[in-house]
Amino acid sequence: MSEAAVSTQVTPEMVRGAYDALMTGDMDQISEYWAEDMVWLVPGHNVLSGMYRGRDAFVAFMGQVGALSGNSFNMTRTTPICIGEDYSADITRNVGYRAGYDESTGEKPYTMLDIDVVHVLRWRDGKVIEGRGAIFGDSTTEYDQFWSPRGEDGERI
């Protein structure tokens, strides 16, 4: 078997490292775990939904999440990481507030997000090559409403 055909077994440490690298925003660290030709599918019917092709597009998407949430968006793992030879899966609680959120006038789900998401990552040679999130039940509607366009005064459009 040639060296190019050798696959790296996915470990929970790799999965944690990949998410931790994203949180730094440092492209050198991100490049250690996220392949340049990766794809990421965002579920739903909102401004962020769709397929992001390439690491740069994925990182730009993450920047949009930060900007739209006033950098409040946070994922907390709620289950152990499940791994296979080429895949990992984990469940996270995703919480965020729209940029400019005012608790006294906040309207859930339009200004606050609090949902559980399953993330499935496909790996090759120690890097994520494909990822997607799965949102279930009423949380899909909440997710779409949270990311829906807002007017200059924060009103729903």
Side-chain angles (χ1 to χ4, degrees), residues 12-83 87-123 127-157:
E13 292 77 23
M14 290 168 60
V15 177
R16 283 191 288 276
Y19 287 124
D20 290 348
L22 281 178
M23 299 307 289
T24 70
D26 180 297
M27 285 305 290
D28 289 335
Q29 289 185 43
I30 292 169
S31 297
E32 289 180 33
Y33 294 96
W34 302 86
E36 185 175 2
D37 61 345
M38 67 167 290
V39 294
W40 188 266
L41 177 62
V42 177
H45 300 90
N46 61 72
V47 297
L48 297 177
S49 298
M51 184 70 74
Y52 294 86
R53 297 185 185 283
R55 183 175 53 227
D56 290 342
F58 173 63
V59 171
F61 154 72
M62 296 300 294
Q64 280 186 286
V65 168
L68 291 173
S69 69
N71 292 315
S72 68
F73 186 82
N74 186 14
M75 297 183 340
T76 304
R77 191 169 301 101
T78 59
T79 63
I81 298 168
C82 298
I83 57 170
Y87 286 89
S88 65
D90 59 281
I91 300 174
T92 60
R93 179 176 178 209
N94 294 6
V95 176
Y97 302 90
R98 284 299 290 237
Y101 173 77
D102 179 349
E103 188 174 342
S104 65
T105 60
E107 180 184 1
K108 189 178 181 205
Y110 299 99
T111 58
M112 179 188 176
L113 180 71
D114 187 352
I115 61 172
D116 292 320
V117 177
V118 177
H119 290 107
V120 177
L121 306 179
R122 186 169 157 226
W123 296 74
K127 293 187 179 190
V128 177
I129 60 169
E130 182 181 336
R132 63 187 65 226
I135 304 169
F136 303 98
D138 291 342
S139 293
T140 57
T141 300
E142 183 177 338
Y143 182 77
D144 283 340
Q145 290 171 333
F146 178 76
W147 295 117
S148 66
R150 309 293 286 184
E152 289 182 24
D153 295 322
E155 74 278 7
R156 287 179 280 137
I157 300 175

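Start at 1 with the first residue, then count along the sequence.
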Please assess Lys127 against Tyr33 for the test side chain to side chain contact (heavy atoms under 4.5 Å, CB included), listing each intermediate value before the final yes or no. CA-CA 4 Å; Lys127 293 187 179 190; Tyr33 294 96; 5.7 Å; no

Stepwise side-chain hydrogen bond (donor to acceptor under 3.5 Å, both in side chains) test for Asp90 and Tyr19: CA-CA 11 Å; Asp90 59 281; Tyr19 287 124; 3.1 Å; yes

For Asn74 and Tyr97, run side chain to side chain contact (heavy atoms under 4.5 Å, CB included): C-alpha distance rounded to whole Å, both residues' side-chain angles, the deciding distance at 0.1 Å, then the answer. CA-CA 10 Å; Asn74 186 14; Tyr97 302 90; over 6 Å; no

How far apart are the C-alpha atoms of Arg122 and Val128, what are their side-chain angles, what is the distance that settles it, and do they pass the side chain to side chain contact (heavy atoms under 4.5 Å, CB included) test? CA-CA 6 Å; Arg122 186 169 157 226; Val128 177; over 6 Å; no

With side chain to side chain contact (heavy atoms under 4.5 Å, CB included) as the test, would you mind laying out the steps for Phe136 and Val118 before giving the verdict? CA-CA 9 Å; Phe136 303 98; Val118 177; 3.7 Å; yes

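With rounding to the nearest 0.5 Å, the separation of CG in Leu68 from CZ in Arg98 is 5.5 Å. If you take CH2 on Trp123 and CE on Met38, they are separated by 10.0 Å, rounding to the nearest 0.5 Å. Taken to the nearest 0.5 Å, the CZ atom of Phe61 stands 7.5 Å off from the CH2 atom of Trp40. A distance of 7.0 Å separates CD of Glu36 from CG of Asp56, quoted to the nearest 0.5 Å. To the nearest 0.5 angstrom, Phe146 atom CZ is 7.5 Å from Thr111 atom OG1.
A distance-only check finds a donor-acceptor pair linking the side chain of Glu142 to the backbone of Asp114 [under 3.5 Å].
Here Ser139 pairs with nothing under the side chain to side chain donor-acceptor pair (under 3.5 Å) rule; sequence neighbours left out. Looking at residues two or more places apart in sequence or on another chain, you find a salt bridge (Lys or Arg N to Asp or Glu O under 4.0 Å) between Glu13 and Arg16. Contacts of Arg53 classified as salt bridge (Lys or Arg N to Asp or Glu O under 4.0 Å), with partners at least two apart in sequence or in another chain: none. Here Asp37 pairs with Ala35, Arg124 under the side chain to side chain contact (heavy atoms under 4.5 Å, CB included) rule; sequence neighbours left out. The salt bridge (Lys or Arg N to Asp or Glu O under 4.0 Å) test applied to Arg55 returns no partner, not counting sequence neighbours.
No option in Ile135, Val65, Asp116, Ile115 other than Ile115 meets the side chain to side chain contact (heavy atoms under 4.5 Å, CB included) test with Asn94.
Residues Gly133 and Pro43 come closest through the heavy atom pair O-CG, 3.5 Å. Residues Gln64 and Tyr52 approach most closely at OE1-OH, 4.0 Å, considering heavy atoms. When all heavy atoms are compared, the tightest approach of Asp144 to His45 is OD1-N, 2.8 Å.
The environment of Met27 atom CE is dense: over 12 non-hydrogen atoms of other residues, nucleotides or ligands sit within 6.0 angstrom.
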Show me, pair by pair, the donor-acceptor contacts under 3.5 angstrom made by side chains of residues 75-83, not counting sequence neighbours?
{"unit_1": "Thr78", "atom_1": "OG1", "unit_2": "Ile91", "atom_2": "O", "d": "3.2"}
{"unit_1": "Thr79", "atom_1": "OG1", "unit_2": "Ile91", "atom_2": "N", "d": "3.3"}

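One side chain, Asn46 or Ser49, offers a donor N or O that lies under 3.5 Å from an acceptor on the other.
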